[in-house]
Amino acid sequence: MSTPFPFTAVVGQDDLRLALLLNAVSPAVGGVLVRGEKGTAKSTAVRALSVLLPGVDVVAGCRFSCDPGAPDPVCPDGPHEGGAYESRAARMVELPVGASEDRLVGALDIERALSEGVKSFEPGLLADAHRGILYVDEVNLLHDHLVDLLLDAAAMGASYVEREGVSVRHAAKFLLVGTMNPEEGELRPQLLDRFGLTVEVAASREPDQRVEVVRRRLAYDDDPAGFAARWADEETAVRARIVAARELLPSVRLGDGALRQIAATCAAFEVDGMRADIVMARTAVALAAWAGRTDVLAEDVRQAALLALPHRRRRNPFDAPGLDENKLDETLEEFGGQGSGEGEGDDEDPDPDPGSDGPGGGGGQAPESDGPQGDDAGARPEAGEGGEPQPSGPGSGEQQPVRAAEPFRTKVLSVPGVGEGAAGRRSRARTERGRTTGSRRPQGALTKLHLAATVQAAAPHQRARGRVGRGLVVRRDDLRQATREGREGNLVLFVVDASGSMAARQRMSAVKGAVLSLLLDAYQRRDKVGLVTFRGAGAEVALPPTSSVDAAAARLESLPTGGRTPLGAGLLKAHDVLRVERLRDPARRALVVVVTDGRATGGPEPVALGARAARLFAAEGIASVVVDCESGVVRLGLAAQLAGDLAGTAVTLDELRADSIAGLVRDVQGDRYSNRRAA
């Protein structure tokens, strides 16, 4: 077994270490979600924590790590009464992003259950993590149904496996830790709320601290055991402090004053539900125990708020997690004189871990909001009239980015047919979850039994198999896997016209509002998104396909406009993006959303090039929608012509809001066939 990097040797990252230690002291806090850029010691710190956790006593031979002092009365390996026990270290179990449902919750042997009536159960990762740590790296990339399963288990302290009337239950209490890079996509708000604490981590910009990080990492890589030995005393001290804090925890008093501060803080920040109040209370108690105190002070409430509330403040996926610390201090001061204990109402930022030489402390600071940043401070206003810019050179006619209009709710745009892509909420697909539509022979392990089809397959062979009595003689070849239809996520590729013809009529604000609305819809439906823009002399990939709609919204907000309209170049660039993405993720189907007025003015023979590029999409059967941005009394209908070449559908900005587009993309296939017949 490799030697883990010592927890106390992690440089900086005080908030991360404190949040992990508070959960080690009180697992009831509810786990930690660690958000941050790559290469910031997220995984290193989590793996190092497992070494510091106190050992556990388990019933000898129990695969579910039952506590000999209070064994699970319904343990599948039980009953355990007065049996022998053994001591072992607390486990840290990692859940891979690509794990199956059976690997997470365990699997029943359906064949034995049907033919012998025996509950033969193979435990999963939830059973392995009982009384330890369950670590999910890149938790935002985990399939939704797996996230639901593990969070339900974390909330209930038990895991349930049910297959065709056969059920198994076992205890599953663990410290849930998830790490994620927000650039790769966000968790759903309701799932964010299930994590007790969250911390934002980033690499230090201080040269001295970065030098120390490199020095320690190189020393560890050269001699892991020797490096760990040099930090053994610090590790022992922190381990002893965790044990002492656990013992002190039941004696910590959470007074009415502190409770009032907690309630007032949650109300002031308008967090939904009551989970935030409960988590704050448990965190404040754990902070007091970690500091060696039996009373919860205002400084504990403040630090608890900084750890428990930022991720609960999000109202939509484009809101950055954060907390206004001035407002927090004002709230604590206002409700600090009502008997919450020593140090309440203090205007100074308190030390959240007074007298501590170990990890802790708390910046807990909300990340600064990075507004749209552009290089357009000196950009010249659009020249010319009637929507045609003056092509006097590169960047000529470029305008500063405009803000998007208020987003609105859009109707469902779906890809025709039935796919087999990643689980999501947009288009029809054959999935592991959903309504049963048929059966097939299992390929590999049986996951979803189709009982009627299995019985039908086994019935003709009962006499030949010597069936006696009421039992059904089932063989492996009789088993049938249920085929199910659910929803998949798609790749929604936006191709946005950012030319002067769009900007001259002051339409970009409305256009950006429409795209932002579609991005919100893509977030809710678990799609990947990409952004291609065209203007001036060509096109560029503003955002390669990603699960982060936050990144797409940021690129959209800072999108400059101006120049000619190289429509063909934009479509060809989008076609290249889809070609590369098909190699990476062949099962994920694409929906192309072209946002333009249909003009083509850039490059040689721009109109012909645009038409030829559009017909590439039609020939490959790629679903497409053209959002027609043309305005004014006289309309040329160029966007509708483009939709015809794409074998797609055109819709105006106003129609994008209307109920009439409910079947918009479902009609793409019919329109495609109609266009082909007409041709």
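The first residue of the sequence shown is numbered 1, and numbering continues consecutively from there.
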Keeping [X] on the side-chain end and [Y] on the backbone end, is there a donor-acceptor pair under 3.5 Å?
X	Y	result
Asn23	Gly31	yes
Arg205	Ala203	yes
Arg246	Ala24	yes
Arg293	Asp295	yes
Thr331	Thr265	no
Arg282	Ala28	yes
Glu122	Gly106	no
His130	Lys173	yes
Arg131	Ser65	yes
Lys42	Asp137	no

Using a 4.5 Å cut-off on heavy atoms from C-beta on, say whether the side chain of [Y] contacts that of [X].
X	Y	value
Leu52	Ile242	yes
Phe7	Glu235	yes
Val279	Leu307	no
Leu176	Val136	yes
Phe269	Lys327	yes
Arg302	Leu328	yes
Asp272	Arg312	no
Val177	Met92	no

Intermediate values then yes/no, side chain to side chain contact (heavy atoms under 4.5 Å, CB included), Val139 and Met180: CA-CA 6 Å; Val139 65; Met180 60 175 284; 4.3 Å; yes

Could [X] and [Y] be called an ion pair, given the rule that one side-chain N must be under 4.0 Å from one carboxylate O?
X	Y	value
Glu234	Arg239	no
Asp128	Arg63	no
Arg88	Asp57	no
Arg217	Asp221	yes
Glu212	Arg215	yes

Could you give the distance from [atom1] ([X]) to [atom2] ([Y]), rounded to the nearest 0.5 Å?
X	Y	atom1	atom2	value
Arg103	Leu126	CZ	CG	10.0 Å
Asp67	Cys62	CG	SG	10.5 Å
Leu21	Arg241	CG	CZ	8.0 Å
Leu22	Gln303	CG	CD	8.0 Å
Phe121	Phe64	CZ	CZ	5.5 Å
Thr283	Leu306	OG1	CG	11.0 Å

Heavy-atom closest contact ([X] atom, [Y] atom, distance):
X	Y	result
Glu101	Leu146	CA-CD2, 3.6 Å
Ala286	Leu249	CA-CD1, 4.0 Å
Val32	Ala19	CG2-O, 3.7 Å
Ala171	Asp72	N-OD2, 3.3 Å
Ala308	Met280	CB-CG, 3.9 Å
His170	Pro76	CB-CD, 3.8 Å

Residues Glu334, Arg260; criterion salt bridge (charged side-chain N to carboxylate O under 4.0 Å, His left out); working and verdict: CA-CA 11 Å; Glu334 179 182 352; Arg260 188 173 182 81; over 6 Å; no

Test applied, side-chain contact (heavy atoms from CB on, under 4.5 Å); reference residue, Leu104; option that passes from Leu142, Leu149, Val161: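 Of the listed residues Leu142, Leu149, Val161, the side-chain contact (heavy atoms from CB on, under 4.5 Å) partner of Leu104 is Leu149.
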
Intermediate values then yes/no, side chain to side chain contact (heavy atoms under 4.5 Å, CB included), Leu259 and Leu254: CA-CA 7 Å; Leu259 273 174; Leu254 181 64; 3.6 Å; yes

Worked verdict on Ser43 versus Tyr135 for side-chain hydrogen bond (donor to acceptor under 3.5 Å, both in side chains): CA-CA 9 Å; Ser43 300; Tyr135 172 48; 2.5 Å; yes

Pair Asn140-Ser547, side chain to side chain contact (heavy atoms under 4.5 Å, CB included): steps then yes or no: CA-CA 9 Å; Asn140 52 324; Ser547 297; over 6 Å; no

Plane angle bin for Phe227 and Phe5 - parallel if under 30°, tilted between 30 and 60°, otherwise perpendicular: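 Ring orientation, 0 to 90° scale: tilted.
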
Test log, rule side chain to side chain contact (heavy atoms under 4.5 Å, CB included), inputs His311 and Arg35: CA-CA 10 Å; His311 61 304; Arg35 299 163 46 93; 5.6 Å; no

